[in-house]
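Note: hydrogens, waters and symmetry copies are ignored here, and every other heavy atom, side chains too, is used.
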Amino acid sequence: MALTGRAALLAAIGTIPIGIWEPSWTGILAVNAPLALVCACDAALAAPVRRLGLTRSGDTSVRLGETADVTLSVTNPSGRPLRARLRDAWPPSSWEAGTEVAASRHRLTVPPGERRRLTTRLRPTRRGDRHADRVTIRSYGPLGLFSRQGSHKVPWTVRVLPPFTSRKHLPSKLARLRELDGRTSVLTRGEGTEFDSLREYVPGDDTRSIDWRATARHSTVAVRTWRPERDRHILLVLDTGRTSAGRVGDAPRLDASLDAALLLAALASRAGDRVDLLAYDRRVRALVQGRAAGDVLPSLVAAMATLEPELVETDARGLTATALRTARRRSLIVLLTTLDAAPVEEGLLPVLSRLTQRHTVLVASVADPHVARMAGARGNADAVYEAAAAAHAQAERRRTAEQLMRHGVTVVDATPDDLPPALADAYLALKAAGRL
């Protein structure tokens with residue numbers, strides 16, 4: 001049976017199984033010839049893909065959690081209009097899960113000899129550099145039956161910076177710093193070594209601060225006030241070894257350490273202290289030295305952006321030696337590392353005295369809030385076992401912290417949200433006590 005009309009057309013393009021009928025080859029050829037001609041014309045009228053000109057512009061950096069817009073300019077030098085679908089490919093971590101298709105695919109029409117711009121909006125989910133991959137374009141003819149497809153390399157890099165969520169704590173810490181500096185109406189006695197002024201004694205003042213010569217010249221007891229030392233040296237040491245890869249919530253421990261380090265750096269630079277950064281596991285991963293106060297934070301953020309935990313055991317001796325070479329004068333060394341018993345007892349403790357005999361050392365560690373929740377769990381046998389395991393882990397961390405403190409080390413152990421302000425408070429306490 002020969003097919004005619006719509007059935008013949010559908011059979012000719014393969015949407016109806018040929019075996020259902022016994023088609024006439026003459027009929028099929030009669031239908032296919034005009035169809036092939038139409039398709040050939042449609043393909044011929046599609047704008048060529050290889051000759052298109054593509055350039056990029058837009059954002060080159062963005063904080064984690066924010067959006068970056070990258071603009072792609074498409075120039076059509078041919079004499080045919082470009083009707084196309086375009087995919088601007090980036091690594092999967094450039095978007096939140098499930099949003100890649102909508103964000104990376106575009107439709108565009110470019111008349112002959114003209115240029116059009118389209119924007120790809122990125123929302124990265126990880127720190128580091130995100131490099132643009134290929135731009136794939138599918139150019140259609142006027143009927144949309146046939147298309148031409150090709151890819152272009154259009155390089156572009158967006159650096160994803162740490163989010164610095166602890167920035168919200170900076171105003172309150174700066175207020176405390178101004179109070180220590182004597183710049184507010186509430187004058188407090190800092191324990192520094194830089195003499196500031198005299199004031200009248202009030203109950204509760206340290207009697208050692210009484211200036212007896214000034215008191216002899218006046219009818220009231222005078223006490224000295226002190227301004228905390230300035231131009232101290234702070235060395236932030238980030239342990240990027242395997243323990244920094246452990247996840248606390250949705251992020252590795254290293255990310256919480258970076259956030260705490262940024263808050264401390266911002267505060268210390270405002271206090272007039274010099275801040276350097278060292279990231280180390282078995283070799284130096286990042287080193288920032290000698291930056292001016294206004295350039296410290298941008299330099300640290302740029303250096304931290306590409307840091308990733310390395311799945312190797314940290315070389316404590318190498319870390320100590322590198323820190324001593326970096327901090328040649330007396331400094332506050334802030335070591336952001338783990339309080340797990342094995343790495344501290346086998347790695348850090350044997351070499352700790354080399355640091356403490358020349359410098360003030362502060363160890364800051366990220367605690368897992370899930371462990372605290374487990375410790376308080378009750379209600380069934382599983383919960384009780386979990387609580388016992390959590391209590392044991394907490395006791396081990398306390399013993400490790402006590403070992404460090406016996407060596408004269410200040411220890412800060414807090415959850416990711418609490419670590420930045422706790423570390424800033426420890427710095428201010430050391431500054432007020434004149435230990436920097």
Short N-O contact, R399 and E402, less than 4.0 angstrom |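 E402 and R399: not salt-bridged.
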So, are K173 and D425 salt-bridged, with charged N and O less than 4.0 Å apart?
-> yes
Is there a side chain to side chain contact (heavy atoms under 4.5 Å, CB included) between D239 and Y280 once you walk through the steps?
-> CA-CA 6 Å; D239 178 358; Y280 192 95; over 6 Å; no
Under the side chain to side chain contact (heavy atoms under 4.5 Å, CB included) rule, what do S139 and R80 come out as? Steps first, then yes or no, please.
-> CA-CA 11 Å; S139 172; R80 285 163 279 178; over 6 Å; no
For a 4.5 angstrom cut-off between non-hydrogen side-chain atoms, does [X] reach [Y]?
X    : Y    : result
L235 : H359 : no
L258 : R127 : yes
T306 : D129 : yes
V301 : P162 : yes
L262 : R167 : no

Surrounding [atom1] of [X] (heavy atoms of other residues, nucleotides or ligands, distance under 6.0 Å), is the total greater than 12?
X    : atom1 : answer
E114 : CD    : yes
R115 : CZ    : no
R105 : CZ    : yes

Strictly by modelled atom types, are [X] and [Y] linked by a side-chain donor-acceptor pair under 3.5 Å?
X    : Y    : result
R325 : T322 : yes
S299 : R291 : yes
R130 : S93  : yes
T165 : D259 : yes
S365 : T338 : no

Which of these passes side chain to side chain donor-acceptor pair (under 3.5 Å) with R56: T71, D88, T157?
-> D88
May I have the step-by-step check of side chain to side chain contact (heavy atoms under 4.5 Å, CB included) for V154 and T55, ending in yes or no?
-> CA-CA 7 Å; V154 191; T55 58; 5.6 Å; no
Yes or no on salt bridge (Lys or Arg N to Asp or Glu O under 4.0 Å) for R87 and E100, after CA distance, side-chain angles and deciding distance?
-> CA-CA 10 Å; R87 179 176 182 250; E100 176 183 357; 3.5 Å; yes
Has the side chain of D281 got a donor or acceptor atom that lies under 3.5 Å from a matching backbone atom of E310?
->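 No, because the side chain of D281 does not come within donor-acceptor range (under 3.5 Å) of the backbone of E310.
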